[in-house]
Structure formats: C-alpha cells, structure tokens
Amino acid sequence: MNYVIAYDLGTTGNKATLYSIDGKLQASAFSSYRTFYPGPNQVEQDPEEWWESVKITTSELLSKAGIDPREIKAVSFSGQMMGAIPIDRNGKTLRRAIIWADQRSVEQAARLEKLGNDTVYRLTGSRITPTYSGPKIAWIRDNEPETYRRAHKFLQAKDYIISRFTGEFGTDPTDASMTLLFDIKNWKWSERLADTLGLDLEKLPEVFPSTSVVSTVLPVVARELGLSEKTLVIRGGGDGACACLGAGVVSPDEAYLYLGSSSWISTCSREPVFDEKSRTFNFAYPIEGYYCPCGTMQAGGASYHWAKDALCRLEEEKGRSLGLSAFTLMDDLVDGTKPGAGNLIFLPYLLGERSPRWNINARGAFIGLSSTHRKPDMLRAVMEGVTFNLKIILDILEKDGKFDKIRLIGGGAKGRNWKQIVADIFGKTVTIPEYLEEATSMGAAIIGAVGTGEMTLKEASTFVKDVQFISPRMEVHEKYLRLFEVFDKAYMSLLEVYEDLAEM
C-alpha cells in the first residue's frame, strides 16, 4: 500500500495526517505552537516553531502507523494563508511571520484606494483589506527597511516549510491569490498592484501549480524526519482552497459550509463570481482553471462558544462531572425550543464582520428579548443568527445557479440541532461527510495523490463519502424566510448605533 502525508499548518498548530492512496485515514498527530501579539492589531508566529512541529508530528505519525517510510510516496501541504515571511537567499527567516489575523497594515492597504476598490476587486478577486499579504509586506518595507532590503523572497506558511524540505522557494496560485498582488484572471503577479504598494516583484516567489512536484526530500531532512529520500514533495495549497477540494466540491453545482470558529461557504467555478457590493471574494482552486468563490464571516462557531462561556457555566460543570461536552448538554436544552426561538433574533457580530457586512464596527445583539425567553431560546437564537448571516453569503453565491445540497463540515456540524437549523434556513438538504473535521488535510492529501500521478482528480473526488443526510422541513423554512427579512432589517437599523459606539 502507498501513502501520502498531509501537513496542515493551521493557526494553533500543525496537524500531520497519513492517508492511504484509497483515501482512508490511517493516523494523525498534532503539535501546537505559540502566537505573539507585539502591538495593537499585530499577530505573529515563529516559523522555526512551525518546523519543530513538523518534526514532532512526523515522528509521532510514523510511530503510530508502523509503516515502512518507503511506502510514503509523497508529502503535501496546506497552510494558513495571507501571511508574510521574509527569508534571505539561504532560506533563513529575517523576522517572525506576520500571520493572517494581523491588521497593522491599514495605511498600506489604503494606498490601493487610488486604483479604486472595484478595480482591485475585479483584478484580484478580493476587496481592499489590510489582512492580505501585500499590505503586510509593504508595512515591513515602510517600518523595517533593512529587513525588506535583505529579503530574497516573501513566502507563505506552507511555502516556508517546503523550503525546509527541499531548499526550493516558490508558492502556488491559491496562496498567491490571497495577497492583493495576484492577477486572478491571468494567473500571474500584477506589476500594477506591486507598484501601487511600492513593492519589488522579484521579491515575490515564482508561482507553480498546486499539484506540481517540487522535488524529493533533501537527504539530510529525510534522515532527520525518518522519511525516504525518494519521497516526493508536492506544492499543496492554502487551507481554504484545500478545504474546498477536501470537502468534495469539484464542480460548480456543489458547495460546502465550514462551521468552525469563523465560518464560510464556498464553491468552485470556471470563472470568479463577482458581487456588485464586493461582499464575497474569490481565490484560486487547487486544480488549475478553477476558482473558489467564498464568503467568510468572523464569528460563526465562535458565537456559540461565546454563548457557552457567557450562559452555560452550569452545563460546563455538569459536563465535567459526567464526562460530556458542555455542547452536548446545550443541545439537550435546545431540543425543547421551537424554530424562531420565540421571535428572538441574534446578530452574530461579536468580532465585527467580514463577509457579508465588511464592518469592523458591527457588534452582537439580541433583539426581541422578552420576559418569556429563557437560556434555551437564546442558544437557539445564536445558532439561527449565525445561519441567517451565512444565508446572505449563500444567496450571493447562488446568483448564477442553485446548489442542490450543502455539505457541512467543521466542529459545529457535530451538534444535532445546528445541522437541522442549517437545512431549514437554507431550504436545502445538508450532508455530513465521513471525516467531519478532516477536509483541509484531505484536500492536501488529494493534491499529493494527484501530483504523484497515483490517481486522477475524478478518482480522488470519490474519497469524500457522506454518511448523513438532513432534509429541510419546508413549513419551517417558510417561517425562517420571514424572520430572515427581520434579521437583515435589524442589522441595517443599527448601523448608526455601531458608528456612535465606535467613536465613544
């Protein structure tokens, strides 16, 4: 049997996963690393800790699996996107990585306004925002000129780890397309965007297909990690793009919903999907010639986690004594509530909002709270409010055609009530895959298998198997449609209030 290792360099740590070529999950290992907050809106990580996590997880994975390393045909990668890692000509990092959550580069992003947001949106697939790599690199140029001068290339997380495996520098279209420097139509770096930000194009890495073979593992690295020197290193993709592939979305009539701390809906298409209000964005799909139209909200599962922390201390204590998750006991409470939560609405903007609002000043709210409402109603309202917000994203993505069903992945898909709420609000069948929280690693593994020639994309798409189907209750859907209109109106009516609070 042949195998692929997928490394997923997330925000909290690296997860290494071993898949057999027939798509079966064999073993996994996780190692965390630190996040640093050196100043306001500044978020960094140490790439050396990423590499240490790769060493730790590889050792644990090989120990668990007990296989001959020569059977591992390839290693492939997914990783957090929208970062900036400056390296010198020898591959040494020149500072800590500025990661996706960092928003220090507001001034630099504003330079793109001279081109106009619509121009940038149509060119890159994304609206102007300081969270993307281009403005972060410009911040380094403005504030750390010596680091910028010495930088040979600016890489993303997975690309840095690949450089450690192979000594080669490069990136792929999925990561490149989330920099505000990449022409998403022509699949190349944009001189116009780089000039506007004052950046040198030669400091950006060459772009290779996600499925391309970088090389074999360096002999010294193979010995250090316990791998074969013949193991192929496949380029891989950014985590959002890998998740789309790993969720089994391989055609424009399919879509998936990731219900994690942040939550998003994405599909794949032959052309970018542009919204007239720039509420959604597009990045490259791991298979050349396709795109991932997407809308990401800030606090999806994070809203429900907040509800647990704020409202459910008793359930947490009881859960610990019973050996159960507090979320299981919260589900028991919600079982006794009715759709609509007694006309209670929750606005899920605890962390401001990206898609579809793009309003950093937006805040959360319960609206319609009365003396008859209790904690179970509030818990249901939180899940419904998150799903109403996601429905706006879904409606944008469906402007050129409807999806027959939605595949639901992520930790939020574990709860029995939320799955039904999604089906009822969307009015669509919701399917649950076999590996609920492995879409990103599965996507990287598929890229690895396709890259080595072990299988075709069509064959690999059969890896994703649905094990549960939740049908919408159409009479409940009709009620939700009426409440959805009120939800949207509630947000619009509070816009002035949000601005007033932000100025206080």
Side-chain angles (χ1 to χ4, degrees), residues 127 129 257-265 275 277-280 294-312 327 330 333-334 337-397 410 412 415 417-418 420-422 424-427 476-477 479-504:
R127 62 189 293 135
T129 167
L257 162 59
Y258 174 77
L259 204 50
S261 292
S262 64
S263 297
W264 62 79
I265 299 176
D275 174 54
K277 298 179 182 178
S278 306
R279 290 171 294 178
T280 54
C294 182
T296 302
M297 64 175 291
Q298 287 284 76
S303 291
Y304 202 51
H305 200 284
W306 167 82
K308 174 182 73 68
D309 293 344
L311 303 173
C312 298
F327 292 110
M330 290 161 66
L333 294 177
V334 177
T337 63
K338 295 181 179 180
N343 294 335
L344 179 62
I345 290 172
F346 176 73
L347 299 182
Y349 308 127
L350 303 175
L351 301 173
E353 189 53 293
R354 284 186 284 175
S355 186
R357 308 300 190 185
W358 297 98
N359 184 351
I360 62 174
N361 294 328
R363 291 295 178 265
F366 283 103
I367 298 174
L369 194 63
S370 74
S371 61
T372 63
H373 288 112
R374 295 292 182 268
K375 179 165 61 178
D377 301 304
M378 298 174 76
L379 295 178
R380 172 178 276 276
V382 169
M383 290 189 283
E384 291 174 343
V386 170
T387 311
F388 281 141
N389 200 60
L390 289 164
K391 177 174 164 45
I392 301 174
I393 297 170
L394 177 68
D395 290 346
I396 296 168
L397 297 181
N417 282 295
W418 211 337
Q420 187 64 58
I421 287 170
V422 171
D424 290 340
I425 289 179
F426 288 2
V476 176
H477 176 62
K479 175 181 176 61
Y480 275 139
L481 287 180
R482 297 193 296 273
L483 203 58
F484 172 67
E485 293 180 3
V486 180
F487 169 87
D488 200 42
K489 187 184 296 184
Y491 167 77
M492 300 304 295
S493 68
L494 286 173
L495 283 175
E496 188 174 337
V497 174
Y498 293 143
E499 296 304 314
D500 289 343
L501 288 174
E503 292 172 2
M504 291 180 68

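The analysis underlying the following values was restricted to heavy atoms, covering all of them including side chains, and did not include hydrogens, waters or symmetry mates.
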E499: partners by side-chain hydrogen bond (donor to acceptor under 3.5 Å, both in side chains), with sequence neighbours left out: N361
Considering all heavy atoms, the nearest M383-I421 contact: CB-CD1, 3.9 Å
Side chain to side chain contact (heavy atoms under 4.5 Å, CB included) between N359 and L495, intermediate numbers included: CA-CA 9 Å; N359 184 351; L495 283 175; 3.7 Å; yes
Pairs involving residues 351-371, ordered by first then second residue, that meet salt bridge (charged side-chain N to carboxylate O under 4.0 Å, His left out) (sequence neighbours left out): R357-D488
pair K391-D395: side-chain heavy atoms closer than 4.5 Å: yes
Nearest heavy atoms of G340 and K479, plus distance in Å: CA-CE, 4.1 Å
Pairs where residues 377-386 contributes a residue and the test salt bridge (charged side-chain N to carboxylate O under 4.0 Å, His left out) is met, not counting sequence neighbours: R380-E384
Stepwise side-chain hydrogen bond (donor to acceptor under 3.5 Å, both in side chains) test for Y491 and N389: CA-CA 10 Å; Y491 167 77; N389 200 60; over 6 Å; no
Closest approach of G295 to S355 (non-hydrogen atoms, all atoms of both residues): CA-OG, 3.5 Å
Inter-residue atom distance I345.CD1 - F487.CZ, 0.5 Å rounding: 8.0 Å
Minimum heavy-atom distance between G368 and L344, given as atom pair plus value: C-CD1, 3.8 Å
Within residues 350-381 or reaching into it, pairs that qualify as ring-ring contact (aromatic ring centres under 6.0 Å, His included) - sequence neighbours excluded: F346-F366
Approximate separation, where rounding is to 0.5 Å, of N417 CG and L333 CG: 10.0 Å
More than 12 heavy atoms from other groups under 6.0 Å of CG on L494: yes
Approximate separation, where rounding is to 0.5 Å, of N343 CG and L369 CG: 12.5 Å
Heavy-atom pair of closest approach, residues I367 and A490: CD1-CB, 3.6 Å
Nearest-0.5 Å distance, CD of residue E496 to CG of residue D500: 5.5 Å
Distance in Å, L259 CG paired with W264 CH2, rounded so as to fall on 0.5 Å steps: 10.5 Å
Within-4.5 Å side-chain heavy-atom neighbours: F388 and L347: no
S262 and M297: CA distance, side-chain angles, deciding distance, side chain to side chain contact (heavy atoms under 4.5 Å, CB included) verdict: CA-CA 6 Å; S262 64; M297 64 175 291; over 6 Å; no
Heavy-atom side-chain contact between V386 and W418 under 4.5 Å: yes
Closest non-hydrogen atom pair, S263 against G300: OG-CA, 3.4 Å
Interatomic spacing from CG in L379 to OG1 in T337 - rounded to 0.5 Å: 8.5 Å
Pairwise side chain to side chain donor-acceptor pair (under 3.5 Å) hits with a residue in residues 299-308, at least two apart: H305-D309, K308-E316
Residues that T280 engages under side-chain hydrogen bond (donor to acceptor under 3.5 Å, both in side chains), provided they are two or more places apart: none
CA sep, side-chain torsions, deciding dist, call: Y258, T296, side chain to side chain contact (heavy atoms under 4.5 Å, CB included): CA-CA 9 Å; Y258 174 77; T296 302; over 6 Å; no
Side chain to side chain contact (heavy atoms under 4.5 Å, CB included) assessment of T387 paired with F426: CA-CA 8 Å; T387 311; F426 288 2; 3.8 Å; yes
